[in-house]
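What follows is a set of notes on a single structure, which appears directly below.
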Amino acid sequence: MKGRILRISVIFSILMFTAAAFFFLESRRRNSQEVREGYIVAVNELEQLGLKGEKELLSERSAIFQEDMRTLPLGEEDGIGYFILAGIGTALIGVAFCYVYAAILRPFDKMKDFAGKIAQGDMNVPLEYERSNYFGDFTWAFESMRREITRSRASERETIENNKTVIATLSHDIKTPIASIRAYAEALEANLHRSVERRTEYLRVLMRKCDEVSKLTDDLFLHSISDLDKLNISETECELCGFIEECVKELSAEHGDIDLCLPGAEILVRADKNRLMQICENLVNNSRKYAKTGIKISVIPRDGVAEINFRDYGTGIPDQDMPFICDKFYRGGNCGKEQGSGLGLYIVKYIVERMGGKLLLHNYADGLEAMVTVRLADSQSIEK
């Protein structure tokens, strides 16, 4: 673009100087012709006066003719004027070219170079822009695009790193129960303990370790689909108290550490039973892992929702960790040497919010309470 405009400017300048030379030569030709015609007329007049013998008049006219010859203009000044006009025109063209270059071509070249760098993947060089020039809005849009692409790439890199982290963490966590399963399986295979009680105990341990592996793989599965917002939630109307009672029986079969407090009346809610079971498992297992105390579960119906409270009597969550404890991969400062991926509360919060409820955490002097709200069924809400 710049070269094309420069060539056009040079061509116009050459045409102006060519026109100036043409008019200059034409002016010289016309002046020369007029001078020759004047010479002929003056000589004929002097010749006629000489033939008539009018010597005094001849002498006077000869002096006038000589004076005219000395003062006769040759027309060069008029010809130089054409070249002056051509020079002024060329200067104006140069000024116009400089303005076009500074106001249009240079910003356009900067945008072209910037677009080339963006195409090559170089997002680190900002594009300086001025709203006052013709391309101000365009350069601003290009710079905004660069910043947005940079943010998107940073977010993508962070997501990839997070995925690598969670896969590495869960892989490490899975190794521990797998190693225990192998050890107990080898002991059973070698028939190290012949008593029925010991073999039954080994089988219980194997089943418990298998459950741990299953939970970790569930965590990995939920992590892989939660970012895509493809977690399947199938809400149905169910009776909450009976469901929680069944969950507690299953969860406390080997431990006997759960105290259940239920209201006398039935509570109908809309929830996904499988996901609600996952919520209970995560919260109970968290309390067992970190609080290592008894757990109290209570159900309380309130305005349009049912509250499920999970209360332990451990050290709670440090205040500085409370704002971030439900974030993905975040682990509190009091986790100690306990193995974990930092996904438990994140998964609970994600599932609860997908079912239209909330997860609230509250520290007490002697423990932590996690409250999960579930929506009451429409018929239950009308009755209330």
Side-chain angles (χ1 to χ4, degrees), residues 155 159 162-163 165-167 169-170 173-174 211-251 258 260 262-263 266-287 289 295 297-310 324-330 340-362 369-384:
S155 177
T159 301
N162 287 343
N163 287 334
T165 300
V166 73
I167 291 172
T169 302
L170 291 175
D173 292 345
I174 289 173
D211 290 340
E212 291 180 15
V213 174
S214 178
K215 181 182 181 305
L216 289 172
T217 54
D218 285 344
D219 288 349
L220 182 60
F221 172 72
L222 285 174
H223 165 73
S224 65
I225 63 175
S226 62
D227 285 339
L228 300 176
D229 200 26
K230 291 184 179 179
L231 183 62
N232 185 24
I233 302 292
S234 300
E235 295 184 0
T236 58
E237 187 174 300
C238 63
E239 202 284 308
L240 182 61
C241 295
F243 177 77
I244 294 296
E245 190 171 5
E246 291 297 323
C247 289
V248 169
K249 285 181 182 179
E250 183 176 339
L251 293 173
I258 301 177
L260 184 60
L262 298 175
E266 290 186 347
I267 301 177
L268 297 178
V269 297
R270 288 198 61 81
D272 187 320
K273 288 185 177 181
N274 293 329
R275 303 306 176 191
L276 197 56
M277 182 66 182
Q278 287 179 324
I279 291 171
C280 295
E281 287 178 348
N282 273 285
L283 293 176
V284 169
N285 289 332
N286 264 11
S287 295
K289 182 185 292 187
I295 304 166
I297 300 178
S298 59
V299 177
I300 304 172
R302 295 193 188 274
D303 303 325
V305 297
E307 295 178 359
I308 310 172
N309 300 293
F310 298 81
F324 316 105
I325 200 63
C326 292
D327 292 347
K328 191 186 293 186
F329 312 125
Y330 189 88
S341 58
L343 287 172
L345 290 176
Y346 166 78
I347 292 171
V348 170
K349 182 180 179 182
Y350 180 81
I351 295 175
V352 169
E353 290 180 351
R354 285 294 306 275
M355 292 194 300
K358 293 181 180 179
L359 170 65
L360 301 175
L361 302 175
H362 182 72
E369 182 181 67
M371 183 183 73
V372 173
T373 63
V374 184
R375 291 178 300 164
L376 295 176
D378 294 338
S379 59
Q380 189 87 357
S381 300
I382 292 172
E383 292 175 5
K384 292 291 181 183

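Positions are given from 1, in the same order as the sequence printed here. Because the structure is predicted, anything quoted here is derived from the model rather than measured.
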Item to check | CA sep, side-chain torsions, deciding dist, call: R354, R275, side chain to side chain contact (heavy atoms under 4.5 Å, CB included) | outcome: CA-CA 10 Å; R354 285 294 306 275; R275 303 306 176 191; over 6 Å; no
Item to check | side chain to side chain contact (heavy atoms under 4.5 Å, CB included) between I297 and V284, worked out | outcome: CA-CA 9 Å; I297 300 178; V284 169; 4.2 Å; yes
Item to check | Stepwise side chain to side chain contact (heavy atoms under 4.5 Å, CB included) test for V372 and L283 | outcome: CA-CA 10 Å; V372 173; L283 293 176; 3.8 Å; yes
Checklist entry - Can you list the steps and then say if I347 with Q278 is a side chain to side chain contact (heavy atoms under 4.5 Å, CB included)? => result CA-CA 9 Å; I347 292 171; Q278 287 179 324; 5.7 Å; no
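Here the shortest heavy-atom pairing between V248 and L260 reads CG2-CD1, 4.0 Å. Considering all non-hydrogen atoms of both residues, I244 and V299 come closest at CG1-CG2, 4.3 Å. Of all the heavy atoms in C326 and K349, the pair that sits closest is CB-CD, 3.8 Å.
The line from CG of N282 to NZ of K289 is 9.5 Å long, rounded to the nearest 0.5 Å. Annotation: the span from N274 atom CG to S234 atom OG amounts to 8.0 Å, rounded to 0.5 Å. Atoms CZ and CD1, from F310 and I279 in turn, are 8.0 Å apart once rounded to the nearest 0.5 Å. The CD atom of E307 lies 8.0 Å from the CG atom of L360; values are rounded to the nearest 0.5 Å. Between C280 atom SG and N285 atom CG the span is 10.5 Å, to the nearest 0.5 Å. To the nearest 0.5 Å, the span separating CE on M277 from CD on E246 amounts to 9.5 Å.
In this structure, L240 and I308 have side chains that are in contact, with non-hydrogen atoms separated by less than 4.5 Å. Contact check for D272 versus I351: no side-chain heavy atoms found under the 4.5 Å cut-off. Looking at V269 and C238, their side chains come closer than 4.5 Å, going by heavy atoms from C-beta outward. By the 4.5 Å heavy-atom criterion applied to side chains, I267 and V374 are not counted as neighbours.
Panel note: side chain E237, backbone R270; no donor-acceptor pair is recorded below 3.5 Å. No donor-acceptor pair under 3.5 Å is formed between the side chain of N309 and the backbone N or O of M371.
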